[in-house]
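Remarks on the structure that follows.
If you're wondering where the values come from, they're calculated on a predicted model, not measured in any experiment.
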Amino acid sequence: MLQARTLLVRGMIVGVVAGVAAFLFAYLFGEGPINDAIAFEEAHAAPVAAGEHEHELVSRTVQSTVGLATASIVYGVALGGLFAIAVAVTIGRIGRISARATAGLVALAGFVGVALVPFLKYPANPPATGNADTLQQRTGLYFLMLVIGVAAVLGAIVVSRSLQPRFGTWNATIAGVLGAAVVVGAAIALLPAVNEVPEGFSPVLLWQFRLASLGTQAVTWATLGLLFGYLTERSERTSAVAGAHPVAV
């Protein structure tokens, strides 16, 4: 039996790798659109009187390198720990599949619930595309959609498991996914839309940033699922070999 503590430590270590991978992806594909958005914002900003210029506490260079790397790694470690707990709880409860496959399914479910579902209604926006006065409202709506996404994924799993003995794995899975899709679709239709992109802002630039943001999440979750599953499977094989061939004392 896999120990929860071992999985937790492994998850946090894998989270560091996932954070580094996310940083590299975000830096390569996300910083360009951010810089272009900042340039747009500065070009369309109201003139500032002499002596009223605000000095940046942290330079843009530091924000896009050290700051982004630190945030990505801290987020990766925290997410890796939560991911490990989810895998520990899930192993052995979704059928007779390996720990590696379980980690992959948990990563897929996490990406869908935490990243993809909120993105469908409230995708990330670069600088110059948001109203500071509505920040609190937009944040609340985003987290509400995140909760709905996680609840929909968990509901799909529960429904699938409950229907599996009667309808079989395939049909039960389809029913659970369709139920989750209905819930998410209703939320997308009923929750208020947020569109604060200023006139003249490039739609290509907007989607480049949004896809880079979603891609960063995909890289994070994929790294967690693939690397954590691989290390867990290798650890199980090593333990099995050690158990089959005990060392004489």
Side-chain angles (χ1 to χ4, degrees), residues 11 15 18-19 21-23 25-27 29-31 33-34 37 68 71-87 90 103-160 176-198 201 203-225:
F23 160 70
F25 185 93
Y27 183 80
F29 299 99
E31 286 303 310
I34 290 178
L68 178 60
S72 299
I73 293 174
V74 170
Y75 174 75
V77 171
L79 187 62
L82 294 175
F83 175 79
I85 294 173
V87 173
T90 307
L105 290 176
V106 172
L108 177 61
F111 170 74
V112 171
V114 174
L116 182 59
V117 169
F119 175 86
L120 295 176
K121 181 64 179 180
Y122 302 115
N125 287 326
T129 60
N131 186 347
D133 296 333
T134 63
L135 176 61
Q136 185 174 357
Q137 178 189 10
R138 287 184 282 118
T139 302
L141 288 172
Y142 176 84
F143 278 103
L144 175 59
M145 198 66 198
L146 187 150
V147 171
I148 292 173
V150 173
V153 170
L154 293 177
I157 295 173
V158 172
V159 169
S160 298
V177 171
L178 288 178
V182 170
V183 171
V184 171
I188 292 175
L190 296 176
L191 289 177
V194 176
N195 184 13
E196 298 178 347
V197 179
F201 193 88
V204 175
L205 175 59
L206 179 64
W207 276 105
Q208 284 177 343
F209 175 83
R210 288 177 172 177
L211 291 178
S213 176
L214 185 64
T216 301
Q217 288 285 342
V219 168
T220 303
W221 285 101
T223 304
L224 286 175

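Minimum interatomic distance between Leu224 and Gly80 (heavy atoms only, all atoms of both residues): CD2-CA, 3.9 Å. Of all heavy-atom pairs spanning Gly113 and Pro118, the tightest one is O-CD, 3.5 Å. The shortest heavy-atom contact between Ala26 and Leu68 is CB-CD2, 4.1 Å. Heavy atoms only, all atoms of each residue included: Ala18 and Thr223 are closest at CA-CG2, 3.7 Å. Across all non-hydrogen atoms, the minimal contact from Val106 to Ala86 is CG1-CB, 3.9 Å.
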In a table with atom names and distances, give each donor-acceptor pair under 3.5 Å that connects a side chain of residues 120-127 to protein atoms at least two apart or in another chain.
unit_1: Lys121; atom_1: NZ; unit_2: Ile188; atom_2: O; d: 2.7
unit_1: Lys121; atom_1: NZ; unit_2: Leu191; atom_2: O; d: 3.0
unit_1: Tyr122; atom_1: OH; unit_2: Pro192; atom_2: O; d: 2.6
unit_1: Asn125; atom_1: OD1; unit_2: Arg210; atom_2: NE; d: 3.1
unit_1: Asn125; atom_1: OD1; unit_2: Arg210; atom_2: NH2; d: 2.6

Side chains of residues 139-160: which donor-acceptor partners sit under 3.5 Å, not counting sequence neighbours?
unit_1: Thr139; atom_1: OG1; unit_2: Leu135; atom_2: O; d: 2.8
unit_1: Ser160; atom_1: OG; unit_2: Ala156; atom_2: O; d: 2.7
unit_1: Ser160; atom_1: OG; unit_2: Ala172; atom_2: O; d: 3.2

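Residues Trp221 and Leu79 meet the side-chain proximity criterion, which asks for heavy atoms closer than 4.5 Å.
Distance check: Ile34 CD1 to Gln208 CD gives 12.0 Å after rounding to the nearest 0.5 Å.
Checked against ring-ring contact (aromatic ring centres under 6.0 Å, His included), Phe25 has the following partners two or more places apart in sequence or in another chain: Phe29.
Annotation for Tyr27: atom OH does not count as buried by contact number, only 12 or fewer foreign heavy atoms lying within 6.0 Å.
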Inset, instruction - Apply side-chain contact (heavy atoms from CB on, under 4.5 Å) to the pair Phe201 and Leu206, showing each step before the final yes or no. - result: CA-CA 8 Å; Phe201 193 88; Leu206 179 64; 4.0 Å; yes

Inset, instruction - Apply side-chain contact (heavy atoms from CB on, under 4.5 Å) to the pair Val87 and Phe83, showing each step before the final yes or no. - result: CA-CA 6 Å; Val87 173; Phe83 175 79; 3.7 Å; yes

